[in-house]
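This report concerns only the one structure given below.
Computed from heavy atoms alone, side chains included, the values below leave out hydrogens, waters and symmetry copies.
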Amino acid sequence: MNAQVSFLDGTYTLIHIPLDLYPIFLQPIIRVLLPQTQSLDVSHDAPEFAPEGLTAENQHGFLNISVTPIECSVVCHASWAKNVFEPVIAALPAQQAKTVTVFRDSYMVLSIISAGLDAASRVMELSHPLALAGIPIFFITTYYSDFILVPSKERQKVIKALSDKGFELSENQSSFVNANAYGRKSSSIHSASPPGSPPPSNTKELETRTFALMQKRNVSPYVDEGLQLIQCSGREIPQPAVVYGHRPSSSRQVPNPVRRQSWIDNVDTKLYTCIISALVSRPRFMSLTLAQDDPPSLLVDRKLLLLFEDSIVGDMDSNFVPIFLDLVNLPSEVTGIVCGVAGRLVEDMQMTETFELSYLSTARAGAVILTEEQSTRALTILGPLLEKKNQGG
C-alpha cells in the first residue's frame with residue numbers, strides 16, 4: 001500500500017455562502033468555473049486581473065464548488081476569491097454581507113494518491129497524523145483522489161508530521177512518498193509527535209475530545225430524507241467512452257496528444273453545459289472538484305443524473321447517503337473532526353476493505369458519505385455519542 005502526497009501550487013481561499021444568497025453568487029460561481037471569460041472586457045465595472053492558479057491550458061489547478069442542504073461552499077485560488085467573489089460581497093447590503101464568510105486563513109492543498117488503500121484508510125491515513133500535530137484540516141474525497149486543505153502557515157508542521165510518519169520528502173519539497181504499509185489499527189498512529197499544550201497523547205484521547213467538543217456545541221448528525229448521491233467523473237477528452245469502476249487505481253490522467261491553448265478546446269463542452277444546468281437548478285446536493293491532473297469529479301444528487309446522461313462515467317447503481325454534521329458553532333481552527341468521526345465509525349462498524357467511507361468538508365459543515373445500509377448503522381453509533389446529557393437529576 002503506497003501513498004503519495006503532493007503540495008499543489010498556489011494559495012487557496014475558503015468561502016461560505018448561505019443558501020438564501022446562492023442566486024446572487026451564481027454568476028460569480030459560473031464566472032470562476034469558466035475562466036476564459038476573464039479575458040473578455042465585457043463590463044467596465046468588472047475588475048480586471050491576471051488570472052492565477054490556472055494550468056497552461058487555462059484550467060484550474062484546484063477548484064471545489066459544493067452546494068448542500070446546509071450551505072454553498074467554494075474553494076478557489078486566492079486571486080479568484082479577491083477579484084471575483086469579494087466585489088460581489090462588498091456590493092451587498094451590510095446585513096447580508098455579514099452572513100457571507102471569506103475565511104481569514106489562506107490554505108494550501110495536498111493531493112493524495114493511495115493505491116491499495118481501502119476507503120476508510122484513505123481518510124484516516126493522513127487525517128490522524130495531522131490532527132495529532134494540531135493542524136486543522138478540510139478533507140475532500142473525489143472520484144480519483146483525495147485532497148486536504150491546511151492553513152498555509154502550517155506548512156512546516158505538515159512536513160514534520162508527515163516526516164514523523166515515515167513519509168519521505170522529495171528534493172524540491174513538493175511531494176511525499178510513503179511505501180510503508182500500515183492499516184487503520186496500526187500502533188504507529190499513536191506514536192506521532194503530539195501538538196502543543198494541551199496535547200492529546202494518542203488517537204483515542206483525540207477522539208474523546210472531538211466528541212466532547214461536538215456535544216458541547218450541539219453538533220447533531222442527521223440525514224436529509226430521500227437524498228441519495230452518486231460519485232462519478234466527467235469524461236476526459238480525448239478519453240474513449242469506457243465506464244470505469246469506482247475510483248480506478250491506474251494512472252489518473254489520459255495523455256492528450258494535442259494540447260491547444262484555447263480553454264474551450266481542452267474541456268468537454270457537454271459536461272460543462274450539464275454542470276452549469278445543474279448549478280442553475282439550485283441543486284439539493286452537488287459537489288464539483290476540478291484538479292489539474294484529474295478529469296472533473298462529481299458527487300451529485302441521483303436526481304441530477306438525467307441532466308448529465310452520457311457525459312459522466314462511474315458506478316451509477318451504487319447509492320451513497322451523506323450524514324451531515326453542521327459545524328457552524330465550531331471555529332475553523334478546531335482539529336480532529338475528520339479523523340475522530342471516521343475513526344469511531346471504522347472501529348465500531350468493524351469496516352472491511354469492501355466498505356466505502358468518504359468525507360466531504362465544506363466551509364461550515366462535514367458530511368460522512370456511506371452506503372445506505374452503512375449510513376443507518378452509522379447514525380445509531382454517532383447519535384448517542386452526540387446527545388446532550390440531561391442536566392441535573
- Message: Using the rule that Ile, Leu, Val, Met, Phe, Trp and Tyr join whenever any side-chain heavy atoms are under 4.5 Å apart, tell me whether V328 and L19 fall into a single cluster.
- Response: no

- Item | Distance (rounded to the nearest 0.5 Å) between D20 CG and Q96 CD | 7.0 Å

- For the pair D268 (side chain) and L271 (backbone), establish whether a donor and an acceptor sit closer than 3.5 Å, ignoring hydrogens and angles. yes

- Message: Would the distance check show the side chain of H60 and the main-chain N or O of F62 forming a donor-acceptor pair, the cut-off being under 3.5 Å?
- Response: no

- Do the side chains of L63 and W80 get nearer than 4.5 Å, heavy atoms only? no

- Message: Please determine whether the number of non-hydrogen atoms from other residues, nucleotides or ligands lying under 6.0 Å from atom CD of E373 exceeds 12.
- Response: no

- Task: Hey, could you give me the CD1/CG distance between I230 and N319, rounded to the nearest 0.5 Å?
- Result: 5.0 Å

- List the steps, then state whether salt bridge (Lys or Arg N to Asp or Glu O under 4.0 Å) holds for K204 with E347. CA-CA 11 Å; K204 194 66 179 177; E347 180 181 347; 3.6 Å; yes

- Message: Using 0.5 Å steps for rounding, measure from the CG atom of L14 to the OG atom of S73.
- Response: 5.0 Å

- Indicate, with yes or no, if V280 and L34 share a hydrophobic cluster defined by side-chain heavy-atom contacts under 4.5 Å among Ile, Leu, Val, Met, Phe, Trp and Tyr. yes

- Between D326 and R364, does a salt bridge (Lys or Arg N to Asp or Glu O under 4.0 Å) hold up when you go through it step by step? CA-CA 7 Å; D326 190 339; R364 294 282 185 86; over 6 Å; no

- Check: Q215 side chain, E387 main-chain N or O, donor-acceptor pair, under 3.5 Å: yes

- Verdict with reasoning, R284 to T68, per side chain to side chain contact (heavy atoms under 4.5 Å, CB included): CA-CA 6 Å; R284 190 176 176 189; T68 75; over 6 Å; no

- Could you walk me through whether D310 and K270 pass the salt bridge (Lys or Arg N to Asp or Glu O under 4.0 Å) test, one step at a time? CA-CA 9 Å; D310 63 351; K270 180 178 180 180; 2.4 Å; yes

- Query: Could you go step by step and tell me if T13 and F103 meet the side chain to side chain contact (heavy atoms under 4.5 Å, CB included) rule?
  - Reply: CA-CA 7 Å; T13 299; F103 282 50; 5.7 Å; no

- Note on the structure: Residues L8 and G61: closest non-hydrogen pair is CD1-O, 4.2 Å

- Task: For V158 and I135, run side chain to side chain contact (heavy atoms under 4.5 Å, CB included): C-alpha distance rounded to whole Å, both residues' side-chain angles, the deciding distance at 0.1 Å, then the answer.
- Result: CA-CA 8 Å; V158 170; I135 302 168; 3.8 Å; yes

- Query: For residues S297 and T289, is any side-chain donor paired with an opposing acceptor at under 3.5 Å?
  - Reply: no

- Message: A side-chain contact here means heavy atoms from C-beta on lying under 4.5 Å apart; do C76 and F85 qualify?
- Response: yes

- Heavy-atom check, side chain of F308 versus side chain of L298, under 4.5 Å: yes

- Task: Establish, yes or no, whether the cationic atom of R155 lies under 6.0 Å from the six-membered ring centre of F7 and within 45° of the ring axis.
- Result: yes

- Task: Rounded to the nearest 0.5 Å, what's the gap from CD on E71 to CD1 on I17? Could you check?
- Result: 9.0 Å

- Message: Within this structure, what is the CD1-CG distance for the pair I140 and L299, rounded to the nearest 0.5 Å?
- Response: 11.0 Å

- Query: Step by step, would you call S106 with S152 a side-chain hydrogen bond (donor to acceptor under 3.5 Å, both in side chains)?
  - Reply: CA-CA 6 Å; S106 64; S152 300; 3.3 Å; yes

- Query: Is there a donor-acceptor pair under 3.5 Å between the side chain of R302 and the backbone N or O of M316?
  - Reply: yes

- For the residue pair E372 and Q228, confirm or rule out a side-chain donor-acceptor distance under 3.5 Å. yes

- Would you say S66 and T362 make side-chain contact, with heavy atoms under 4.5 Å? yes

- Query: Hey, are the side chains of V75 and L149 touching, using non-hydrogen atoms and a 4.5 Å cut-off?
  - Reply: yes

- Message: So which atom in L345 and which in A378 form the shortest heavy-atom distance, rounded to 0.1 Å?
- Response: CD2-CB, 3.7 Å

- Do R344 and E207 sit within salt-bridge range, that is, some charged N less than 4.0 Å from a carboxylate O? yes

- Query: With a 4.5 Å limit on heavy-atom distance, are the side chains of L279 and L26 in contact?
  - Reply: yes

- Message: Can you confirm whether or not the ring centre of Y107 sits under 6.0 Å from the ring centre of Y12?
- Response: no

- Message: Looking at D105, I want to see if its CG is surrounded by more than 12 non-hydrogen atoms of other residues, nucleotides or ligands under 6.0 Å.
- Response: yes

- Query: Would S287 and N64 count as a side-chain hydrogen bond (donor to acceptor under 3.5 Å, both in side chains) if you check the C-alpha gap in whole Å, the side-chain angles of each, and the deciding distance to 0.1 Å?
  - Reply: CA-CA 7 Å; S287 182; N64 176 266; 3.3 Å; yes

- Query: Heavy atoms, side chains only, cut-off 4.5 Å: are P283 and V300 in contact?
  - Reply: no

- Query: Between C339 and L206, is any pair of side-chain heavy atoms under 4.5 Å apart?
  - Reply: yes

- Pair V67-Y22, side chain to side chain contact (heavy atoms under 4.5 Å, CB included): steps then yes or no: CA-CA 9 Å; V67 184; Y22 175 73; 3.8 Å; yes

- Query: Between atom CG of L33 and atom CG of L290, what is the distance when rounded to the nearest 0.5 Å?
  - Reply: 6.5 Å

